[in-house]
Q: 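Have a look at this one.
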Amino acid sequence: MHENYEIMKKLFFIVSILAFDMALNAQSLSTGIQYVGAAAEVNAAQKQQAAAQGQKASVKIAFQMDVEVSGRVRWGLIPTSSTGIIYDYEGGTSFLKVGGNNTITGGPSANVNLGVRVNNSYFIGVGAQFNANFGNTKATLGTTNNGIKVNIMNLCLPIYGVFKVYVPRRSDVCPYFDLGIGGYLPDWYELKSKDFANYNLTLPEGFKTVVEGEKIKFRADKGGFYLHAAVGMDIDHFQVSAGYELTTSTEDVNTRLYHNIFAKIGFRIGG
């Protein structure tokens with residue numbers, strides 16, 4: 001009975017997180033649609049004003065670069081995955097597995113977006129982000145040790161197309177919506193635990209994983225899908241935003257979704 005209660009509690013925890021993330025994402029996209037409509041109304045009003053004065057509305061195009069830094073947080077279950085690392089001992093063989101616990105991970109990132117600003121209302125370009133995620137998880141070594149505490153570091157490089165919608169105002173304060181869609185290259189991982197140094201861990205031939213005492217380093221075989229949606233304010237070239245970020249990870253035939261909440265500050269050059 002107690003085990004069933006614990007399982008239901010964990011399921012409720014995970015479902016609540018997913019529901020919150022979906023609601024936040026839907027809210028961001030809904031706000032983005034409103035911003036698109038507001039920007040379109042401003043452009044239409046400018047065209048009508050130009051037509052009333054007998055002028056031909058011109059299309060203004062300007063170069064823009066955004067340099068931003070951000071921080072993100074992700075909470076939820078880290079699925080159990082095999083590392084392929086082997087520990088041979090007198091009684092047999094154990095395999096090192098990582099994950100299987102609920103935890104919080106997160107870290108900083110730096111973004112650069114390059115593109116063009118159209119009529120002060122729309123920004124279209126491409127962007128790249130370098131981010132680092134840190135957290136704690138657990139590892140098991142078969143029946144030899146099932147309570148290894150592990151510090152994990154993950155480095156990732158998403159590359160995406162970016163679309164921003166600004167609602168022009170006469171003041172220096174301009175709200176905007178930010179949408180980025182793309183993918184990321186195979187990311188890098190480092191696992192660190194004092195317990196690793198207590199075992200003679202080996203790898204099958206051909207593995208790219210590196211075991212160095214307390215550290216295990218490897219790179220994922222595949223990249224994945226990347227998306228972010230945010231709302232923010234442009235204040236005289238300074239930009240502040242917050243939103244939702246989604247990444248995917250594919251292992252064998254299983255695709256997992258990772259939901260992040262982030263806050264970002266930056267500076268706009270041009271536009």
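All figures in this text were calculated on a predicted structure; none of them were measured in a lab. Residue numbers run from 1 in the order of the sequence given.
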Q: Of all the heavy-atom pairs spanning G270 and H237, show the shortest one and how long it is.
A: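 G270 and H237 have their closest heavy atoms at O-CE1, 3.8 Å.
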Q: Indicate yes or no: at least one non-hydrogen side-chain atom of T93 is less than 4.5 angstrom from one of I86.
A: yes
Q: Report yes or no: do N119 and Y166 form a side-chain donor-acceptor pair below 3.5 Å?
A: no
Q: Does atom CG of D236 have more than 12 heavy-atom neighbours from other groups under 6.0 Å away?
A: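 For D236, atom CG is crowded (more than 12 foreign heavy atoms under 6.0 Å).
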Q: For residues F196 and E214, report the shortest heavy-atom separation together with the two atoms involved.
A: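 So the minimum-distance heavy-atom pair works out to CD1-O, 3.3 Å.
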Q: For G100 and T80, work out which heavy atoms get closest and say how close.
A: CA-OG1, 3.2 Å
Q: Can you confirm if the NZ or CZ of R219 lies within 45° of the ring axis of Y189 and under 6.0 Å from the centre of its six-membered ring?
A: no
Q: Give me the atom names and distance for the closest heavy-atom approach of G107 to N133.
A: N-OD1, 3.9 Å
Q: Mind checking whether S109 and V69 have side chains closer than 4.5 Å, heavy atoms only?
A: no
Q: Less than 4.5 Å apart, any side-chain heavy atom of F95 and any of T140?
A: no
Q: In a check of side-chain hydrogen bond (donor to acceptor under 3.5 Å, both in side chains) between N154 and each of D187, T105, N131, which one passes?
A: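 The residue from D187, T105, N131 that satisfies side-chain hydrogen bond (donor to acceptor under 3.5 Å, both in side chains) with N154 turns out to be D187.
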Q: What's the spacing between N113 CG and Q64 CD if we round to 0.5 Å?
A: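 One gets 8.5 Å once the value is rounded to the nearest 0.5 Å.
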Q: Tell me whether F238 at atom CZ has more than 12 heavy atoms from other residues, nucleotides or ligands lying less than 6.0 Å away.
A: no
Q: Does this structure show an ion pair linking K264 with E68, if we count only N-O contacts that are shorter than 4.0 Å?
A: yes
Q: Assess whether salt bridge (charged side-chain N to carboxylate O under 4.0 Å, His left out) is satisfied between D195 and K149, documenting all intermediate values.
A: CA-CA 8 Å; D195 287 353; K149 296 181 179 180; over 6 Å; no
Q: For a quick test of reading the model, state the closest non-hydrogen atom pair linking F262 to A230 and the distance between them.
A: CZ-CB, 3.7 Å
Q: Minimum heavy-atom separation for I152 and N136, please, with both atom names.
A: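 Heavy atoms only, the tightest pair is CG2-N, 4.3 Å.
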Q: Look at the side chain of T209 and the backbone N and O of F218, then say whether any donor-acceptor pair between them is shorter than 3.5 Å.
A: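 No, T209 side chain to F218 backbone: no donor-acceptor pair under 3.5 Å.
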Q: When the ring planes of F163 and Y122 are compared, do they come out parallel, tilted or perpendicular, using 30° and 60° as the limits?
A: parallel
Q: Taking the six-membered ring for Trp, are Y87 and Y199 ring centroids under 6.0 Å apart?
A: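 Yes, the ring centres sit under 6.0 Å apart.
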Q: Any luck finding a side-chain donor-acceptor pair between Q129 and Y184 under 3.5 Å?
A: no
Q: Side chains of T103 and T137: is there a donor and an acceptor less than 3.5 Å apart?
A: no
Q: Are side-chain N/O atoms of Y244 and H259 paired as donor and acceptor at under 3.5 Å?
A: yes
Q: T248 side chain to F225 main-chain N or O, any donor-acceptor pair under 3.5 Å?
A: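 Such a contact is found between T248 side chain and F225 backbone.
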